[in-house]
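We count ligands from 1, going down the list as the structure has it; atoms in each ligand are counted the same way. Values below: all heavy atoms of this structure, side chains included; hydrogens, waters and symmetry mates excluded.
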Amino acid sequence: MQYENPKLVLETSEIKEGSITWKSPSNIAIVKYWGKYSDQLPQNPSLSITLETSFTRTTLHYAPRRTPGQGVSVELYFEGARHEAFEQRVRKYFEKILPIFPFLRQLDLKVETANSFPHSSGIASSASAMSALALCCCTLEDEFFHTLEDDEAFDRKASYVARLGSGSACRSIYPYLALWGETGEVPGSSNLYAIPMAEQAHPVYQTFHDDILIIRSGEKKVSSSAGHGLMHNHPFAEARFQYARKSLHQLLGALRTGDLETFGKIAEAEALMLHALMMSAPSPYLLLAPHTITAMERVQAFRAETGHPVYFSLDAGPNLHVLYPESVIHEVRPFIDDQLAPLCEEGVYLQDWAGEGPEQL
Ligand code: DP6
């Protein structure tokens, strides 16, 4: 797969000004990506549910560049205000993808971006933010050169480019379910980009809810990138990467058949293992909060009492994701309101669900 293309350069007279807007969602991994090598390649395949209401909305404004230069000319506004730290990160990202989109150097760019979820809610925004940017770049290429008219080719390139910004972002391109990482079990799977999985799964997974308990908001103590780094000298790294493949094998079976019990068992085991890996890293750390543990126990007790298929997952943070199919919403929501919402900061949880993927606005 080679996306570098020195031919994607504009005749200066062709350049008009314009803007492109994409809305792109976050996702929650069931089998986790934790550990990477080389340039954003995963140590094991991961599989996620694409969310709907947790998204980033990004507008890329472009105009002919006034002062030529080597790097990329970009300004970034986050939720209405210039944001130097994000601007630097995006400039670095655009410079990294210049061999793929050399025309970016010929433009003055302005990025306006905002998240649907509250600022510092503790929701990882890199998946939605980087996928939205990648989609804007692919649309820009297609507007200028008509090179990505085929939808499948467009999505694959967007996923590849999103991966270079943040690994988990490559999975956000597809509706409902996405798989990233090469496995002999799924033809067409790749370490370079994610592929859609919804068509290979039982329709019940398209009805899944993910209510996100905001147990502690604010910046994480250790970033995901640093966490991935700690997998390099991790005493359990090899065992983890093998175990993830086993989990994926079981998950693929549960996806095909609609076996929610197996699905839920894997989701919870993977969430706990992710945090166990942090706690057993060469420089150990703990991201769970006391209320995270209480919430996990309550989910498991509710399931044992009622038999309803309600499970949890976690990202690299303390906020619990409560997963269940639409068929039990009338039983589960009152339980969340009564027993889990009081564990949340200001009683707040976000209602999300499996969604249709990014949308150009
Ligand atoms: C725990 O994709 O945020 O959410 O590639 O360094 O940007 P970078 O990491 P990132 O890692 C996400 C890790 C995770 C699990 C997952 O989404 O699979």
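Atom 2 (O) of ligand 1 has S168 OG, 2.7 Å as its closest protein atom, hydrogens excluded (heavy atom only). Looking at atom 4 (O) of ligand 1, its nearest protein heavy atom turns out to be D315 OD1, 3.1 Å. Protein heavy atom closest to atom 11 (O) of ligand 1, with residue, atom name and distance, is H228 NE2, 2.9 Å. Nearest protein neighbour of atom 15 (C) of ligand 1, counting heavy atoms only, is Y33 O, 3.4 Å.
For ligand 1, the atoms closer than 4.0 angstrom to any heavy atom of W34 are 1 (C), 13 (C). Residue R171 has at least one heavy-atom neighbour below 4.0 Å for each of these atoms of ligand 1: 16 (C), 17 (O), 18 (O). Atoms of ligand 1 lying under 4.0 Å from any heavy atom of G167, numbered from 1 in the order shown and given with element: 2 (O), 5 (O), 7 (O), 8 (P). For ligand 1 and A29, the ligand atoms under 4.0 Å from any heavy atom of the residue are 16 (C), 17 (O), 18 (O). Ligand-side atoms of ligand 1 in range of S126: 3 (O), range being under 4.0 angstrom from any heavy atom.
Here E261 does not pair with K265 in a salt bridge; the nearest charged N to carboxylate O distance is not below 4.0 Å. Salt-bridge annotation for E359 and K23: present, with a side-chain N of the basic residue lying under 4.0 Å from a carboxylate O of the acidic one.
Taken to the nearest 0.5 Å, the CG atom of L148 stands 5.5 Å off from the NZ atom of K157. Between the CD atom in E268 and the CZ atom in F312 there is a gap of 4.0 Å [rounded to 0.5 Å].
Contacts of S166 with ligand 1, taken as heavy-atom pairs under 4.0 Å, involve both backbone and side chain. In I28, neither the side chain nor the backbone holds a heavy atom less than 4.0 Å from any atom of ligand 1.
Counting non-hydrogen atoms of other residues, nucleotides and ligands closer than 6.0 Å to NZ of K221 gives a total above 12.
Using a 30° and 60° split on the angle between ring planes, F335 and F302 fall in the parallel class, below 30°.
Taking any N or O of K32, backbone or side chain, none lies under 3.5 Å from an N or O belonging to ligand 1. Checked against a 3.5 angstrom limit, the closest N/O atoms of S225 and ligand 1 fall inside it.
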For a salt bridge (charged side-chain N to carboxylate O under 4.0 Å, His left out) check, start with the C-alpha distance between R240 and E270, then their side-chain angles and the critical distance, and finish with the verdict.
CA-CA 10 Å; R240 160 61 194 164; E270 280 285 309; 2.8 Å; yes
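The closest approach between M130 and ligand 1 stays at or above 4.0 Å for every heavy atom of the residue. Heavy-atom separations between K36 and ligand 1 include at least one value shorter than 4.0 Å.
Taking the six-membered ring wherever Trp is involved, the centroid distance between the rings of F208 and F263 falls below 6.0 Å.
Scanning for salt bridge (charged side-chain N to carboxylate O under 4.0 Å, His left out) contacts around E52 gives an empty result, with sequence neighbours left out. For D259, the salt bridge (charged side-chain N to carboxylate O under 4.0 Å, His left out) test picks out no residue, with sequence neighbours left out.
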